[in-house]
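These notes concern the structure reproduced below.
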Amino acid sequence: MRPRVGVLALQGDVREHLAALQEAGAEAVKVRRLAELETIDALVIPGGESTAMSHLLRELELLEPLRARLADGMPAYGSCAGMILLAREIVDAGAPGREATPLNGIDMSVRRNAFGRQVDSFEGDIPFEGLDSPVHAVFIRAPWVERIGDDVEVLGRADAHIVAVRQGRMLATSFHPEVTGDRRVHKLFVDMVTET
Ligand code: GLN
């Protein structure tokens with residue numbers, strides 16, 4: 001089965017995820033409207049700016065429908081800003097009135113711009129649970145995970161901080177595999193979508 005995987009296309013690095021998903025074997029489509037959200041089997045929330053994406057989700061009346069689909073079990077993968085949005089709780093969510101809004105896909109607390117306070121961007125090779133060699137990880141004003149629930153599995157760490165997690169059919173990374181040409185993380189997600 002070739003799943004139809006949407007990329008939330010409000011803001012951020014949408015094009016890179018569309019390409020990565022196609023190469024990983026999915027039919028990749030942009031999602032900007034409710035009608036598009038209703039047609040997909042799974043969703044990727046890209047990197048970008050989580051506060052801006054939250055604002056647009058509210059403006060376009062997609063916030064509650066998206067929360068409902070996630071609560072209903074639609075598989076999702078969030079990278080960087082997408083990880084922030086998939087959280088149950090966001091630490092340092094942004095200026096009052098312009099905060100990033102959690103979608104409650106994964107039982108975790110995520111700190112926004114966590115690495116950004118130390119160094120804005122960096123790269124490194126990190127071991128990734130289930131992959132046979134490290135992933136080259138690009139971090140850009142990246143979040144980290146501060147708390148996980150019992151059902152959440154840690155897939156990767158950088159400097160002891162949790163930067164990749166999975167809960168059921170939900171996946172999140174602090175970094176951007178879509179920019180490296182290595183499709184293993186997207187392949188893992190597409191396999192999660194199709195596994196029975
Ligand atoms: N700092 C951004 C945010 O808060 C995330 C950065 C990224 O996605 N590269 O949403």
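Just so you know, ligand 1 is whichever comes first in the structure, and atom 1 is the first atom listed for that ligand. Start at 1 with the first residue, then count along the sequence.
- In this structure, Leu21 is a member of the same hydrophobic cluster as Val135, with clusters built from ILVMFWY side-chain heavy atoms closer than 4.5 Å.
- There is a side-chain donor-acceptor pair under 3.5 Å between His136 and Glu123.
- Screening residues 26-74 for ring pair (Phe, Tyr, Trp, His ring centres under 6.0 Å) gives no qualifying pairs among residues at least two apart or on separate chains.
- With rounding to the nearest 0.5 Å, the separation of OG1 in Thr194 from CZ in Arg2 is 12.5 Å.
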Without placing hydrogens or testing angles, list every side-chain donor-acceptor pair under 3.5 Å for residues 70-82, not counting sequence neighbours.
| residue | atom | partner | partner atom | Å |
| --- | --- | --- | --- | --- |
| Tyr77 | OH | Thr173 | OG1 | 2.8 |
| Ser79 | OG | His17 | NE2 | 3.1 |

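- Residues that satisfy the side chain to side chain contact (heavy atoms under 4.5 Å, CB included) test with Pro102, not counting sequence neighbours, are Ile90.
- Near ligand 1, residues Gly47, Gly48, Glu49, Ser50, Cys80, Ala81, Ile84, Arg112, Asn113, Ile140, Arg141, His176 come within 4.0 angstrom through at least one heavy atom.
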